[in-house]
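Everything below concerns the one structure shown next.
When reading the values below, keep in mind they use all heavy atoms of this one structure, side chains included, and skip hydrogens, waters and symmetry mates. Starting from 1, each residue takes its place in the sequence as its number.
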Amino acid sequence: MIEVTANEVKFSAYRADPEGTPKGAVVVLQDVFGVNADIRKIADSFAAAGYVAVAPSLFDKVKSNIELDASADAEGRSLTAELGTDWPIEAIQATVDTVKGAGKVALVGYSWGGYLAYLAANKVKGLACAIGYHADGLLEGVMEKRRIPTLIHFAEQDPLMPEEDRVQFRARRPDVSAFSYPDASRGFGYEAGPAYNAEAAEKAQERTLFWISQYVVGQGPVLLKNAGAYAQAKTEKKPKKKADDDMGPPTD
């Protein structure tokens, strides 16, 4: 555990380091259950893939050392309501600042953290990309164009993000890459959780790692005027023809 400060408020964060030189960094955002064993295991998996991974304990501002299980959803949501979003965004910025020395930074959030990742993508500086798992509340900020590449994983059996909302989100935000998992419900990626779905979890993780490798390890996108983000590519200028190579217009 490390200590981070945001707007004079100190909070803890779980940090996992890779072996050897890191490829970059991943900031892991907790769900409504805090930085519990599930979130720490996810951070460990990103470290095993070669990234510095840090999971900030966002509940610390109102209550320290919170680790809840699946039966304490109401308590967790009460804490998120008390926190709001302004200070969590500041804490995410402070966390990103602690790991930017490792390279480019990706943001990955789960449930409430997925919603925060979506918000932070347009507010936090120094991010290469953002990924959200089974996030709810996305329609609240749906009209704001994305500033960085954003990926969303939807669980089709998630009661907090029904099909109508998913369809509306996709229609309004074509600049977001989104995948749906038919047999998955909220929390499908937590190996020890009651909603764990191995097939969906593996597919989502594969897509997440590819996304991170593309924008954190590879060359970042460049913004072209009126054209959105495109992968930067090197181009070679064609040599100009010599004067005596010009055959002129065709003749009869």
Residue pairs meeting ring pair (Phe, Tyr, Trp, His ring centres under 6.0 Å), one or both in residues 70-102, sequence neighbours left out, come to Phe11-Trp87
Between the CG atom in Leu116 and the CD1 atom in Ile92, the distance rounded to the nearest 0.5 Å is 5.0 Å
Sorted by chain and residue number, the salt bridge (Lys or Arg N to Asp or Glu O under 4.0 Å) partners of Asp158 (sequence neighbours excluded) come out as Arg186
Sorted by chain and residue number, the side chain to side chain donor-acceptor pair (under 3.5 Å) partners of Arg170 (sequence neighbours excluded) come out as Ser180
If only atom types and distance count, is the side chain of Ser78 paired as donor or acceptor with the main-chain N or O of Ala74 below 3.5 Å?
no
The ring pair (Phe, Tyr, Trp, His ring centres under 6.0 Å) partners of Tyr181 (sequence neighbours excluded) come to His153, Phe188
Centres of the Tyr133 and Tyr110 rings: under 6.0 Å?
yes
Residues passing the ring pair (Phe, Tyr, Trp, His ring centres under 6.0 Å) test with Phe59, sequence neighbours excluded, are Trp112
Residues pairing under salt bridge (Lys or Arg N to Asp or Glu O under 4.0 Å) where one sits in residues 191-217, two or more places apart or in two chains, turn out to be Lys41-Glu191, Glu199-Lys203
On a heavy-atom basis, the closest approach of Leu68 and Asn36 is O-ND2, 3.2 Å
Sorted by chain and residue number, the side chain to side chain contact (heavy atoms under 4.5 Å, CB included) partners of Ala195 (sequence neighbours excluded) come out as Ser185
Residue set satisfying ring pair (Phe, Tyr, Trp, His ring centres under 6.0 Å) with Tyr51, at least two apart, ordered chain then number -> none
Report the C-alpha separation of Val35 and Val28 in whole Å, then their side-chain angles, then the decisive distance to 0.1 Å, and conclude whether the side chain to side chain contact (heavy atoms under 4.5 Å, CB included) test is met. CA-CA 9 Å; Val35 180; Val28 180; over 6 Å; no
Residue set satisfying ring pair (Phe, Tyr, Trp, His ring centres under 6.0 Å) with Phe154, at least two apart, ordered chain then number -> Phe169
Salt bridge (Lys or Arg N to Asp or Glu O under 4.0 Å) filter on Asp183, not counting sequence neighbours, yields none
Hits for salt bridge (Lys or Arg N to Asp or Glu O under 4.0 Å) against Asp97, two or more places apart or cross-chain, chain-then-number order -> Lys100
Hits for side chain to side chain contact (heavy atoms under 4.5 Å, CB included) against Ala37, two or more places apart or cross-chain, chain-then-number order -> Arg40
